[in-house]
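Working notes, beginning with the structure itself.
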2 protein chains.
Amino acid sequence: MTDIPRPGQPVRGSRSGAPIMALFDLIGRRWAMGVLWTLAEIGPSTFRHLQEKCETISPAVLNQRLKELKAAGLVHRVEQGYAVTQLGKDLYLHLVPLGQVAKVWAENLAEEPLHS
Amino acid sequence: MTDIPRPGQPVRGSRSGAPIMALFDLIGRRWAMGVLWTLAEIGPSTFRHLQEKCETISPAVLNQRLKELKAAGLVHRVEQGYAVTQLGKDLYLHLVPLGQVAKVWAENLAEEPLHS
DNA sequence: CTATTTGCTATTAAATCAATAGCATAATTA
DNA sequence: TAATTATGCTATTGATTTAATAGCAAATAG
């Protein structure tokens, strides 16, 4: 059920399981990046607290994503509940610059509204 | 049908449509990052060529993702078919470093196989 | 004991994704 | 000119994933 994409195994985008494609397969799931991002931002927290911070995520999906992120070693359990691992933090830090891209993107769309 | 997440509008992860969450909502869809990545790597190309490069994507999904990426201004049509826009390239360039993270991640998993 | 918090599952429904076939148009070739 | 090929898709049918909601069992607090 919980099927985690593994580098070296066939994944979306690469029959040979290229690491980047395996990673895309993992974090390219609904809420995956949002959960990682949020957890990294708020620090160690309980399931419910994280759920609140994600604003509209359902417990079922949060639980699913947490399972996957845990299995992938990006998140782990701590006394306080859940937290990102070192690897998870590394990934988060690489996601941070996307915040700037997102802003530029938002501005672009504001100027020139999407036509579809 | 084609529902593109827009910054400023409610999206997954943010009722107020925080740009980063809107972006996550957009590129956190099956194949979205894979398509953007592949297209950026191979340069302008036809629908079919891109489809081949994505190895296992179906035309329906590729078409859907292209629509969304176009509407979001990350991809556009050119004489040769499809290509990433400047904004799309910017995003791609920010995705490139994830390749390294992915490698480390792959090595970690290889050493310590996931326990689930 | 009672209430609350926490992590999570059950259920049911809706949305998304996938696999395959195949069509319409335009360019190319025979 | 007729046939072939390339291209960008759509239609159809299922399978999978996501969603919304309720609620439960275990641990903790009062």
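First the proteins, then the strands, lettered A, B, ... as listed; each starts at 1. Keep in mind that what you see is a predicted model, and the values were worked out from it rather than measured.
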Should A/Arg65 be listed as having a side-chain N or O under 4.0 Å from OP1 or OP2 of D/dA19?
no

Of all the nucleotides listed (C/dC8, C/dA19, C/dC17), which has the minimum atom distance to the side chain of B/Arg29?
C/dC17

I want to check one thing: is the phosphate of D/dA19, taken as OP1 and OP2, less than 4.0 Å away from some side-chain N or O of B/Arg12?
yes

Check this one for me: any side-chain N or O of B/Asn63 less than 4.0 Å away from OP1 or OP2 of D/dT10?
yes

Rounding to an integer number of Å, can you tell me how far B/Leu62 CG sits from D/dA11 C1'?
17 Å

For D/dT18, does either OP1 or OP2 sit under 4.0 Å from a side-chain N or O belonging to B/Arg30?
yes

Starting at atom CG of B/Leu39, determine the distance to atom P of D/dG8, rounded to an integer number of angstrom.
12 Å

Between B/His94 and A/Val101 (side chain of the first, backbone of the second, donor and acceptor by atom type, cut-off under 3.5 Å), is there such a pair?
no

Among residues 41-53 of chain A, which residues get a heavy atom nearer than 4.0 Å to DNA chain C?
A/Thr46, A/Phe47, A/Arg48

D/dT18 P sits how many Å from A/Lys67 NZ, rounded?
13 Å

Considering just the side-chain nitrogens and oxygens of A/Trp31, establish if one lies under 4.0 Å of OP1 or OP2 belonging to D/dA19.
yes

Just the rounded figure in Å: distance from P of C/dT20 to CD1 of B/Ile57.
15 Å

Could you grab the distance from atom NZ of B/Lys103 to atom CG of B/Leu98, nearest 0.5 Å is fine?
12.5 Å

Checking B/Thr85 side chain against B/Gly73 main chain: does a donor-acceptor pair fall under 3.5 Å?
yes

Salt bridge (Lys or Arg N to Asp or Glu O under 4.0 Å) contacts touching residues 8-22 of chain B (sequence neighbours left out)
A/Glu55-B/Arg15, B/Arg12-B/Asp25

Grab the CG-C1' distance between B/Asp25 and D/dA19 for me, whole Å please.
13 Å

Can you hop from B/Val35 to B/Val78 via hydrophobic side chains spaced under 4.5 Å?
no

Grab the CD-C1' distance between A/Glu68 and D/dT17 for me, whole Å please.
10 Å

Quick one: is D/dG8 close enough that its OP1 or OP2 comes under 4.0 Å of any side-chain N or O from B/Arg77?
yes

Of the listed nucleotides (D/dA20, D/dA22, D/dT18), which one gets closest to any side-chain atom of A/Ala60?
D/dA20

A/Glu55 CD - D/dA19 C1' separation (whole Å)
17 Å

Quick one: B/Leu26 CG to C/dT16 P, roughly how many Å, whole number?
13 Å

So, A/Ser14 side chain and A/Met21 main chain: donor-acceptor pair closer than 3.5 Å or not?
no

Which atom of A/Ala71 lies closest to which atom of B/Leu109, heavy atoms considered:
O-CD2, 4.1 Å

